[in-house]
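Worth knowing before you read on, the calculation uses all heavy atoms, side chains too, and leaves out hydrogens, waters and symmetry mates. In the text below, chain A, chain B and the rest are named by the order of the sequence lines, each starting its count at 1.
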Amino acid sequence: MALTGLFLCLFLVVHLAGNLQLLDASPEGRLKFNAYAEFMTSFPLIKVVSYVLYFSILFHAFDGLLLALQNRRARPVRYVKEKPMANRTWYSGQMAVLGTLVLVFLVIHMKSFWYEMHWGGLPKDADGNKDLFTVVNAAFHQGWYVALYVGMMGVLAFHLMHGFQSAFQSLGLNHPRYTPLIKNVGILFAVMVPVLFAMIPVWMFYFNA
Amino acid sequence: MKLTLKIWRQSGPNDKGRMETYPIDGIEEDMSFLEMIDVLNLQLVREGKDPIAFDHDCREGICGMCSMFINGEAHGPGRGITTCQLHMRRFKDGDTIFIEPWRSGSFPVIKDLVVDRGAFDRIQAAGGFVSVNTNGNLVDGNALPIAKDHADTAFDAATCIGCGACVATCPNGSAMLFVAAKVSQLSLLPQGRPEAKQRALAMVEQMDKEGFGNCSNTGACEVECPKEISLEHIARMNREYMAAAMTKE
Amino acid sequence: MTQLDSKVPDGPLEQKWTKHKNSIRVVNPANKRRIDVIVVGTGLAGASAAASLAELGYNVKTFCFQDSPRRAHSIAAQGGINAAKNYQNDNDSTYRLFYDTIKGGDYRAREGNVYRLAEVSANIIDQCVAQGVPFARDYGGLLDNRSFGGVLVSRTFYARGQTGQQLLLGAYSALMRQVGTGKVQQFSRHEMLDVVIVDGKARGIIARDLITGRIERHGAHAVLLCTGGYGNVFFLSTNAMGSNVTAAWKAHKRGAFMANPCYTQIHPTCIPVSGDHQSKLTLMSESLRNDGRIWVPKKKEDAEAVRAGTKKGVDIPEEDRDYYLERRYPSFGNLVPRDVASRAAKERCDAGFGVNKTGEAVYLDFSSAIERYGRTEASVRKIEDPSTEEIIRLGRDVVSAKYGNLFDMYANIAGENPYERPMKIYPAVHYTMGGLWVDYNLQTTVPGLYALGEANFSDHGANRLGASALMQGLADGYFVIPYTIGDHLAADIRTGPIDTERQEFSDAERAVRERIDKLIEVQGSTPVDVFHKRLGKVMWDKCGMARNAEGLQQAIQEIRQIREEFWKDVRVTGTANAFNQELEKAGRVADFLELGELMCKDALERQESCGGHFREEYQTEDGEALRNDTDFTYAAAWEWTGDPGGSNLHKEDLDYQFVKPTQRSYK
């Protein structure tokens, strides 16, 4: 879980860096984004990495759900009265639920863009690349779709808030001196990455023609 | 003090069990929580009713026998204490108190609030020791100096009383803190180093066999642990375990 | 009356144990596999014995009433364990530890046993270190020591305030290792209810599975009782709730003599009783007396004001405080042995100077220590002209590092901050020096039946020194019984497994069943605890810190009365064939009701004061214990004859060849 989790965190950063190009809605910006998308789907090394990524996502999801199932079985009779807030953050106890939501979102998200990019009949832009920008732009001009994105980024934020530092702990990387730092970086990461992701649809909704 | 107690009653392992309500009066602030149960039990015996079965022994927070889930928390409210160290001054007149047994598939209920924690003994037997026989000719205790910080950290882990609050409180029913405390203690001491890898593998294997849940690092165990054992020990066990698993022949 | 033979070999003190080991029989490794040993109780003595015997190759079965062997009450020992290592270069030696223990025991212990204890003490530390016991260490990484009451050297090894827990976990880990190899079969939640004697030898036990109520027979070639002390006869004590005399008492009824039952240790530093609801008392380590000063107000009106709640201890000026231990015992001061410190507290409280609501408490004050440590710390940190607040802050940090867990415990129980106000303490029953009579081999008067640790009477005489209980439990289990048991078992290499279908087993089982049924059938109206509390009060008032002939005679009558009422009116709910904690308690209290009488009888018989046994009729002019060496230099071993009042006295004369008994002086 920890290794795939951290790999997915790394992916988020790369993904975010690419997506931030969407903020530049000038004609050159659009072409640049489409070229980038084309590159990401065709360059062999990236392709290899992307297979690792697919595997990670699937492993992370299935293993996570399997563990959650085992954990449920470990306590066949539940407490009548439980006070989880007394000893843990609510989201640390809801990783499976948060993770499942993220997974559902991922399916929608990949259908909308990843599937279209690979197998959808996208029009070509001036440089002859598939015009993903236009597809994204169109999608992010639907209010409910933007709201879904923003909401889901909130879910992701909580998943990361626990997941980031938890991964280090699972890998045994705990040290009185560095663990507080890891925890703070984790919180920063869990807030910044989803906020920046969420900014893209909001920005496009309001500012991109 | 007048209280309403809602207590789990279960006549035996095959009974389904249920919460029952007991009003109680005349409770003093200086009483410990278990003394409050004593008062209730005296009352029940006088009425010819079956008293509440509960585990307890030393009543000074060290034997690890007492084990109640009180108002949704292992060993009740308060940090760094066992149920026997919980005093009634933490409650107010008129309070309703929920009392349940530890809940874990690996800790089957024997009766009422009494559970079977034999799984912990079996984990210990799997590797929670240094393989040294009784020997009248060992090297002197001072032959191997141990850095004070190592000795102190090992001690922090060694304070585990094996009460099972970590399992009871973990949303996943995981026993990682208990197992880690022993693995970590012995791995920090030179005497325990030679078997460190084997120990981590064997104890974790037995833990999994017992059916405990998985650690998802919620940290609830650390908060409810009456000896405040740190998650740092779980990380140390993870390190030991991974190193052992990767180099196993 | 017969004279008992202790089997201590002749010869110089230092050579006795070696000589003995060389002369006793040994069982060869192949034959050990054919021999079964039962160990009852899994505290320090039991766990260490069981592990060591299994390592040697014997087949061992262990029994404990708790849910895990790790929970035995050895776990609660806080302060430390003595060993004559002389690490501090303060002139400690085996002889000095021996001498201190004999003197501390007020010259009522057996010289040979005590010397052996001191001799093996150093091995214990090495053994525990090798097991991974995290003893306190100094900055150089070496083992640290502290000092304890009644001695002039620092020889106590410790693991913060939970030495007992750490040592027991070491022994428990060794035991569980043997459980893992299959050499030990461990029976938790099992209570021994009888010992079975076949042809004059202990050949097994009858035990009750506390979960199902099933009565089981277990056969073995030897039975070891490592079942601790009987302090719970007083109801309120620092013992665990489950600590009981039952196993030892059943053995007594089957022919094992009970020695010196009246020797009870009252520990001076316990948290005072707060009310009738109290179920047990909590001890605070004697190590607190290293730095804490004990006092009561000098003026009666101050004491009265404190009791009435109109004045606080902190407000009483220095010149109005009576540091009575420092006053009475200038050379040992607050570090006098436990019996002396306890009696002195009682004396002050009886005289009307007690400081809590009940009038039964004295102050244990850390303010001078805080100030002293604060000044040292300030100078270490090169703080010039530190303010009082700064000194106190620094001092509190030091005190907290040393005793933090004890202070927290006190604050939690008493609801007061001990850093700001002096703690209140009062003596409480803590340990019983008496127990089953054993010879040098730790064998009781029943062949094949052994008693180890607190369950026997052998090493502490009339008073035990602090940090010596852990030492004795582990010495017996690790380093004595593995040798001495061979002498008995060597005769059993051809015996074969013990047949539990024999008549003796069925008779014993039937007796156990009948007694359980009898307890349930009374169906009276009074819960078990009520009888236990009544017994406890009689014992504490009349056979506690101070005793006299009249009180003891009364106590015997009262105990008989309570016993009679118990068997007529006790209410045990539930059934015999199920988990039934009331039934467990009832059986134990029934045994305490017999033991209590024997304790009083023993106390009455011993017309002298020694150690924990203080007869008011026998004291010096300034109130110190007055021994009578001419008539009472013996261990009193009682033989059961059918009722406690009619027990027969047997004597083991204590022959002091190496130490000359003198009036103990800590002045």
Could you check whether C/Phe235 and C/Phe531 have their ring centres less than 6.0 Å apart? no

Quick check for you: among [options], which has the greatest number of heavy-atom pairs under 4.5 Å with chain B?
options                                : value
C/Val179, C/Leu169, C/Asp138, C/Thr181 : C/Asp138
C/Ala72, C/Ser52, C/Gly180             : C/Ser52
C/Phe479, C/Tyr478, C/Tyr172           : C/Tyr172
C/Phe135, C/Tyr139, C/Tyr87            : C/Tyr87
C/Thr526, C/Leu56, C/Ile75, C/Val528   : C/Ile75
C/Ala130, C/Ala174, C/Ser243           : C/Ala130

Residue part contacting chain C, namely of [X], when any heavy atom lies under 4.5 Å:
X        : result
B/Ile123 : neither
B/Ile146 : both
B/Glu29  : neither
B/Ile161 : both
B/Ile110 : side chain
B/Ser131 : both
B/Leu138 : both
B/Asp112 : neither
B/Val115 : backbone
B/Ala53  : both
B/Gln85  : both
B/Ser32  : neither

Examine whether an atom of [X] lies under 4.5 Å from a heavy atom of chain B, and if so say whether it belongs to the side chain, the backbone or both; otherwise answer neither.
X        : result
C/His73  : side chain
C/Arg189 : side chain
C/Gln581 : side chain
C/Glu584 : neither
C/Leu142 : both
C/Asn123 : side chain
C/Asp529 : side chain
C/Gln127 : both
C/Phe157 : neither
C/Gln162 : side chain
C/Asn405 : neither

Pairing of [X] and [Y] as salt bridge, 4.0 angstrom limit:
X        : Y        : answer
B/Asp38  : B/Arg59  : yes
B/Glu240 : B/Arg193 : yes
B/Glu224 : B/Arg79  : yes
C/Lys280 : B/Asp57  : no

Flag the one option from [options] with the top tally of heavy-atom pairs under 4.5 Å to chain C.
options                               : value
B/Met65, B/Gln185, B/His150, B/Lys182 : B/Met65
B/Val114, B/Leu186, B/Asp50           : B/Val114
B/Asp116, B/Asp152, B/Leu34           : B/Asp152
B/Asp121, B/Leu189, B/Val130          : B/Asp121
B/Ile62, B/Asn142, B/Val45            : B/Asn142
B/Gly192, B/Pro13, B/Cys160           : B/Cys160

Spell out, as yes or no, whether a donor-acceptor pair under 3.5 Å connects the side chain of [X] to the backbone of [Y].
X        : Y        : answer
C/Lys533 : C/Asp276 : yes
C/Gln131 : C/Ser173 : no
B/His75  : B/Thr83  : yes
B/Lys148 : C/Arg137 : yes
C/Glu416 : C/Tyr410 : no
B/Gln206 : B/Arg122 : no

Assess the residue pair C/Leu175 and B/Phe129 against the criterion (side chain to side chain contact (heavy atoms under 4.5 Å, CB included)); give the C-alpha distance rounded to whole Å, side-chain angles, the decisive distance to 0.1 Å, and a yes or no. CA-CA 9 Å; C/Leu175 173 65; B/Phe129 46 75; over 6 Å; no

Quick one: [atom1] on [X] to [atom2] on [Y], what's the gap to the nearest 0.5 Å?
X        : Y        : atom1 : atom2 : value
C/Ile81  : C/Ile124 : CD1   : CD1   : 5.0 Å
C/Ser525 : B/Arg46  : OG    : CZ    : 8.5 Å
B/Lys111 : B/Arg9   : NZ    : CZ    : 6.5 Å

side-chain hydrogen bond (donor to acceptor under 3.5 Å, both in side chains), that's the test. Do C/Ser279 and B/Glu35 meet it? Break it down for me. CA-CA 6 Å; C/Ser279 60; B/Glu35 284 165 352; 2.9 Å; yes

Look at the aromatic rings of C/Tyr483 and C/Trp17 and report parallel, tilted or perpendicular, splitting at 30° and 60°. perpendicular

Do C/Arg70 and B/Phe120 form a cation-pi contact, if we require the NZ or CZ to be under 6.0 Å from the six-membered ring centre and within 45 degrees of the ring's axis?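 Judged by the rule (NZ or CZ under 6.0 Å from the ring centre, within 45° of its axis), C/Arg70 is not positioned above B/Phe120.
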
Within the supplied structure, the quantity of interest is the number of heavy atoms (other residues, nucleotides, ligands) at a distance under 6.0 Å from C/His277 NE2; does it exceed 12?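 It does: C/His277 NE2 has more than 12 such atoms within range.
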
Should we say atom NZ of C/Lys21 is surrounded by more than 12 heavy atoms from elsewhere, each under 6.0 Å from it?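 For C/Lys21, atom NZ is crowded (more than 12 foreign heavy atoms under 6.0 Å).
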
